[in-house]
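Here the structure is laid out as structure tokens; the discussion comes afterwards.
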Number of protein chains: 2
Amino acid sequence: MHINFTDRELDVMSVLWNAQSATVAEVRERLADDLAYTTVLTVLRTLEQKGHVAHTGEGRAHRYRPLVKRAAAGRSALRRIVDKVFDGSPELLMTQLVSDKNLTDEELRRLRKLLAERLRERKP
Amino acid sequence: MHINFTDRELDVMSVLWNAQSATVAEVRERLADDLAYTTVLTVLRTLEQKGHVAHTGEGRAHRYRPLVKRAAAGRSALRRIVDKVFDGSPELLMTQLVSDKNLTDEELRRLRKLLAERLRERKP
DNA sequence: CTCTATCTACTAGCGTTGTAGTAGATGATA
DNA sequence: TATCATCTACTACAACGCTAGTAGATAGAG
């Protein structure tokens with residue numbers, strides 16, 4: 001299955017993934033951009049229509065929760081990038097990731113650790 | 001800078017990255033989906049308008065080449081995924097990749113080396 | 001020189017995205 | 001109870017994306 005969120009939808013999903021669930025007001029609060037309340041509501045409603053989130057009543061408000069898991073969305077997005085940008089080579093993608101100038105030293109060190117673990121756990 | 005290709009644009013860019021440069025007919029040939037000639041032309045023209053490709057004349061045809069490098073597009077796309085889907089954690093993304101696609105030990109070692117170099121070159 | 005294939009330029013229509021306003025319901029407050 | 005704040009539903013509308021058609025230029029075939 002081929003999930004594809006728009007920019008704004010992804011912003012909203014990101015909030016929901018981090019918060020587990022949220023009302024419109026809560027989502028709005030946590031978004032970086034300052035959008036109108038109704039705008040956020042509209043985005044949530046279209047996400048619901050597409051089957052990516054669901055809501056349950058909470059007083060007069062609605063509480064939204066994601067139906068799509070973070071990992072599934074990640075897999076889908078990554079596959080696309082690997083295919084189209086990195087010509088089907090995940091290694092190329094990782095190389096890119098590692099040479100990204102925006103990564104902090106701390107992040108790089110953690111990556112190194114992860115790799116080391118991965119290698120160790122394969123050796124035997 | 002924040003590059004953002006649409007799905008179809010990305011398909012076309014992918015062809016250009018792989019071929020170095022191509023005419024409309026060549027791009028059309030290499031696309032997975034069977035689009036009308038004019039459709040492909042339109043996509044190329046909008047890409048040009050956005051400054052992502054350029055063309056030079058070749059007989060009565062135009063030859064298009066990418067102005068945006070693969071790596072730049074990759075960086076941009078990855079940033080976005082790391083931020084929004086993997087909550088700013090590149091190692092989470094990496095874990096996903098490593099477990100999803102089966103990388104060889106050799107590939108992992110090369111990555112480790114690359115990582116070490118990157119870290120060394122930052123220290124000073 | 002005429003016909004045909006091929007190419008670009010321009011135009012178009014429909015669906016989606018992004019943003020938000022207005023209307024009406026309802027819970028809280030004075 | 002009258003008013004205010006807040007919430008959803010519905011509507012709007014411009015910009016963009018995706019697809020492709022038509023018109024007109026031109027190179028090559030005969």
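All heavy atoms count here, side chains included; hydrogens, waters and symmetry mates do not. A quick note: this is a predicted structure, and the numbers were derived from the prediction, not measured. So that the names make sense, note that chain A is the first sequence line, chain B the second, and so on, each numbered from 1.
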Would you say a side-chain N or O of A:Thr39 is under 4.0 Å from OP1 or OP2 of C:dA20?
yes
For B:Asp7 and D:dG17, give me the distance from atom CG to atom C1', rounded to whole Å.
10 Å
When you match B:His55 and A:Thr42 each to their closest nucleotide on DNA chain C, which lands nearer the 5' end?
B:His55
Parallel, tilted or perpendicular: ring planes of B:Tyr64 versus B:His55, cut at 30 and 60 degrees:
tilted
In whole Å, I'd like the distance from the OH atom of B:Tyr37 to the P atom of C:dT8.
4 Å
Looking at every strand, decide which applies to B:Thr23 at a 4.0 Å heavy-atom threshold: base, sugar-phosphate, or nothing.
nothing
Counting just side-chain N and O atoms, does A:Thr6 come under 4.0 Å of either OP1 or OP2 of C:dG18?
yes
Taking all heavy atoms of B:Ser14 and all of A:Lys84, pick out the closest pair and write down the distance.
OG-O, 3.1 Å
Without decimals, in angstroms, what is the distance between B:Arg60 CZ and D:dT26 P?
11 Å
Within the pair A:Arg45 and D:dA9, is there a side-chain N or O less than 4.0 Å away from OP1 or OP2?
yes
Within the 4.0 Å heavy-atom criterion, would you say B:Thr46 contacts the bases, only the backbone, or no part of the nucleic acid?
nothing
In whole Å, I'd like the distance from the NE2 atom of B:His62 to the P atom of C:dA9.
5 Å
Let me know the distance between CG of B:Leu31 and P of D:dA20, rounded to the nearest Å.
12 Å
Nearest-nucleotide comparison on DNA chain D, the residue closer to the 5′ end among A:Ala25 and B:Thr38:
A:Ala25
Closest nucleotide of DNA chain C for A:Lys50 versus for A:Gly59: which of these residues is on the 5' side?
A:Lys50
Spacing of B:Leu35 atom CG relative to D:dG17 atom P, expressed in whole Å:
16 Å
Here the distance between atom P of D:dG17 and atom CG of B:Asp33, to the nearest Å, is 18 Å
Separation of atom CG in B:Leu41 from atom P in C:dC10, rounded to whole Å
11 Å
Close side-chain approach of B:Glu117 and B:Lys113, heavy atoms under 4.5 Å
yes
State which residue, out of A:Arg80, A:His52, A:Lys50, fulfils the side chain to side chain contact (heavy atoms under 4.5 Å, CB included) condition with A:Ile3.
A:His52
With no hydrogens and no angle check, just 3.5 Å: does a side-chain donor-acceptor pair link A:Arg63 and A:Thr56?
no
